[in-house]
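Here the structure is laid out as structure tokens; the discussion comes afterwards.
Residue indices begin at 1 and follow the sequence shown. The shown structure was predicted, so the numbers you read here are calculated from the model rather than taken from an experiment.
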Amino acid sequence: MKEGIIYIEKAFWNKINSVRERYSLLDKLIQSQSAIYTNFHKEEVTCDTVLGLVYNDTGGRLYWDKDINDAIDSEDIVSLASIYLTDMDPSLCNKKSAQRGIVLFNNSQFSNDKKVFNTPEPIEIDEENKFPYGWKNNLFAPILSNNRCNSIIINDKYLCNKGYMNPDLKTLLDVILPQKTEIPFHLSIFSEVNSNGDGVFEEIKNAIASIRTPEFCNNTLLTLCYTTLHDRFIISNTYFITVGAGFALFNGGKKAKNSTSLKMHYPTAVGKKHEYYLWIKKTCEINDNTRNFWGERVNRLFDLVK
């Protein structure tokens with residue numbers, strides 16, 4: 001199994017002037033359970049009181065003399081699933097994040113983080129309320145919107161089980177898909193497909209074409225696989241989202257079928273990795289072994305568990 005890494009550039013660390021803020025970041029690094037890479041030299045780590053604690057309290061999960069730029073531009077899944085803390089200019093951070101589908105913060109952006117290291121509160125969905133815009137409702141934006149990624153797995157057996165694409169899938173895709181990417185975007189949808197698989201696959205392709213540019217569509221490798229997995233989740237190279245009652249929830253804009261909670265976290269940043277890797281492994285096994293699939297059957301997320 002491979003895991004994302006947290007990279008801390010020396011210049012980023014040195015711009016944290018408050019000892020309290022350094023200890024706050026220390027706590028987050030320890031709780032992440034991820035390996036920590038830095039371009040500090042070994043003697044600089046041991047001489048820095050807080051960095052020394054990171055090394056000791058993580059059981060040696062801090063590694064020095066690592067080049068952050070080589071990782072940012074890498075196509076390897078470990079690099080694409082990693083988090084980068086750098087002193088780059090904000091516009092360059094935003095550009096690289098969008099191009100690569102990765103989490104890349106400078107000091108000011110890290111200070112304003114509301115969900116990568118600071119997991120958002122679950123969003124409660126009341127079955128008594130109507131949601132005419134489905135997943136595009138503003139209530140869900142704090143979790144579903146503005147997440148950098150370059151690959152996604154969606155699992156919900158009720159999204160395509162009636163011989164057509166559930167309309168909630170289109171609104172969901174409109175919220176979670178990036179506007180553009182400079183590396184191929186991998187999208188795998190796992191659902192029961194009881195009939196009309198070819199037609200459902202074309203519906204999904206057409207839905208994406210109606211909400212994204214031709215350039216994005218041409219750069220997307222789409223897969224539809226038959227599955228009966230009960231859990232409903234979205235997994236990307238950066239985040240993990242679950243919703244108990246599933247994503248086929250609003251019947252295209254009516255009341256929610258059930259009351260439920262929408263939850264997310266960033267596994268590289270906050271730990272909680274067991275389910276994340278379990279469901280990647282499960283969907284990878286289905287992807288590799290099923291005869292009932294449409295499309296490319298390619299997703300770089302599966303490299304995390306191979």
Side-chain angles (χ1 to χ4, degrees), residues 3-73 78-123 141-143 145-149 237-240 263-273:
E3 295 189 7
I5 292 159
I6 300 175
Y7 286 76
I8 303 179
E9 206 169 25
K10 180 178 179 179
F12 174 94
W13 182 261
N14 288 338
K15 283 186 177 179
I16 305 176
N17 297 317
S18 165
V19 174
R20 181 177 180 179
E21 289 179 5
R22 288 192 177 190
Y23 275 102
S24 175
L25 178 54
L26 161 70
D27 288 340
K28 292 175 181 179
L29 296 176
I30 293 172
Q31 291 171 14
S32 74
Q33 302 172 2
S34 294
I36 315 299
Y37 278 27
T38 178
N39 59 342
F40 276 100
H41 300 309
K42 181 179 180 180
E43 59 273 16
E44 292 175 308
V45 171
T46 56
C47 290
D48 186 295
T49 303
V50 182
L51 282 178
L53 286 173
V54 174
Y55 181 78
N56 292 329
D57 290 356
T58 60
R61 285 191 286 109
L62 190 148
Y63 301 85
W64 40 81
D65 295 327
K66 300 294 184 180
D67 191 314
I68 191 172
N69 294 303
D70 289 344
I72 288 173
D73 293 324
V78 170
S79 294
L80 293 172
S82 294
I83 294 172
Y84 304 89
L85 304 179
T86 175
D87 75 331
M88 289 182 189
D89 181 85
S91 61
L92 183 56
C93 285
N94 290 335
K95 180 181 178 181
K96 283 285 188 180
S97 292
Q99 288 174 336
R100 312 293 294 167
I102 58 176
V103 177
L104 179 65
F105 285 151
N106 71 0
N107 292 77
S108 61
Q109 293 165 324
F110 174 76
S111 298
N112 293 325
D113 166 48
K114 295 297 186 294
K115 59 182 176 181
V116 175
F117 286 91
N118 300 296
T119 300
E121 290 294 320
I123 294 174
I143 284 180
S145 298
N146 302 317
N147 299 306
R148 299 297 191 193
C149 65
N237 58 298
T238 55
Y239 63 82
F240 182 32
K263 303 175 183 179
M264 87 171 308
H265 67 273
Y266 284 69
T268 299
V270 303
K272 304 180 183 179
K273 299 176 183 179

Donor-acceptor list for residues 64-71 side chains, cut-off 3.5 Å, not counting sequence neighbours:
unit_1	atom_1	unit_2	atom_2	d
D65	OD1	H41	ND1	2.6
D67	OD1	N69	N	2.8
D67	OD1	D70	N	3.3

Write down the atom of M88, the atom of I72, and the distance for their closest heavy-atom approach. CE-CD1, 3.6 Å

Which pair of non-hydrogen atoms, one from G101 and one from T238, has the smallest distance, and what is that distance? O-CG2, 4.1 Å

What are the two closest non-hydrogen atoms of Y266 and V103, and how far apart are they? CE2-CG2, 4.1 Å

With rounding to the nearest 0.5 Å, note down the distance linking NZ in K42 to CG in L62. 12.0 Å

My understanding is that only residues two or more places apart in sequence, or in another chain, count here; which of them pass ring-ring contact (aromatic ring centres under 6.0 Å, His included) with Y7? Y37, Y84

Exercise: identify the closest heavy-atom pair between R100 and D73: NH2-O, 3.1 Å

Atom pair CG (L104) and OG (S82), whose distance is rounded to the nearest 0.5 Å: 11.5 Å

Residues two or more places apart in sequence or in another chain: which of them pass salt bridge (charged side-chain N to carboxylate O under 4.0 Å, His left out) with D89? none

With sequence neighbours left out, write down each residue that passes side-chain contact (heavy atoms from CB on, under 4.5 Å) with N56, or none if nothing qualifies. none

Residues forming a side-chain contact (heavy atoms from CB on, under 4.5 Å) with K263, sequence neighbours excluded: P122, T242, S261

Could I get the full list of side-chain contact (heavy atoms from CB on, under 4.5 Å) partners for D48, not counting sequence neighbours? W13, R22, V50, L51

Check whether any side-chain heavy atom of L53 sits under 4.5 Å from a side-chain heavy atom of Y23, and report yes or no. yes

Heavy-atom closest pair (G271 atom, Q33 atom, distance to 0.1 Å) is CA-OE1, 4.4 Å

Does H265 reach the main-chain N or O of V270 with its side chain, forming a donor-acceptor pair under 3.5 Å? no

With sequence neighbours excluded, what pairs up with E3 under the salt bridge (charged side-chain N to carboxylate O under 4.0 Å, His left out) test? K273

The criterion is side-chain hydrogen bond (donor to acceptor under 3.5 Å, both in side chains); which residues satisfy it with N17, sequence neighbours excluded? none

Side-chain (S34) to main-chain (I6) donor-acceptor, under 3.5 angstrom: no

Scan the side chains in residues 109-118 for donor-acceptor partners under 3.5 Å anywhere in the protein, sequence neighbours excluded, and list what turns up.
unit_1	atom_1	unit_2	atom_2	d
Q109	OE1	N106	N	2.9
Q109	NE2	N94	OD1	3.0
S111	OG	N107	O	3.0
N112	ND2	S108	O	3.2
D113	OD1	K115	N	2.9
D113	OD1	V116	N	2.7
D113	OD2	F117	N	2.8
D113	OD2	N118	N	3.3
D113	OD2	N118	ND2	3.3
K114	NZ	N112	O	3.1
K115	NZ	P142	O	3.0
K115	NZ	S145	O	2.8
K115	NZ	N147	OD1	2.9
N118	ND2	D113	O	3.1

Return the NZ to CZ distance between K96 and R148, rounded to the nearest 0.5 Å. 13.5 Å

With T86 via side-chain hydrogen bond (donor to acceptor under 3.5 Å, both in side chains) - residues at least two apart: E9

Quick check for you: to the nearest 0.5 Å, what is the distance between I30 atom CD1 and D57 atom CG? 4.0 Å

E21: partners by side-chain contact (heavy atoms from CB on, under 4.5 Å), with sequence neighbours left out: I16, S18

Within the distance-only criterion (no hydrogens, no angle test), does the side chain of D87 pair as donor or acceptor with the backbone N or O of A11 below 3.5 angstrom? no

Report the C-alpha separation of N14 and F40 in whole Å, then their side-chain angles, then the decisive distance to 0.1 Å, and conclude whether the side chain to side chain contact (heavy atoms under 4.5 Å, CB included) test is met. CA-CA 11 Å; N14 288 338; F40 276 100; 4.0 Å; yes

What distance separates Y63 OH from I36 CD1, expressed to the nearest 0.5 Å? 10.0 Å

Looking only at heavy atoms, which two atoms of S32 and T268 are closest? And how far apart? CB-O, 3.4 Å

Of all residues at least two apart in sequence or in a different chain, which pass the salt bridge (charged side-chain N to carboxylate O under 4.0 Å, His left out) check with E44? K10

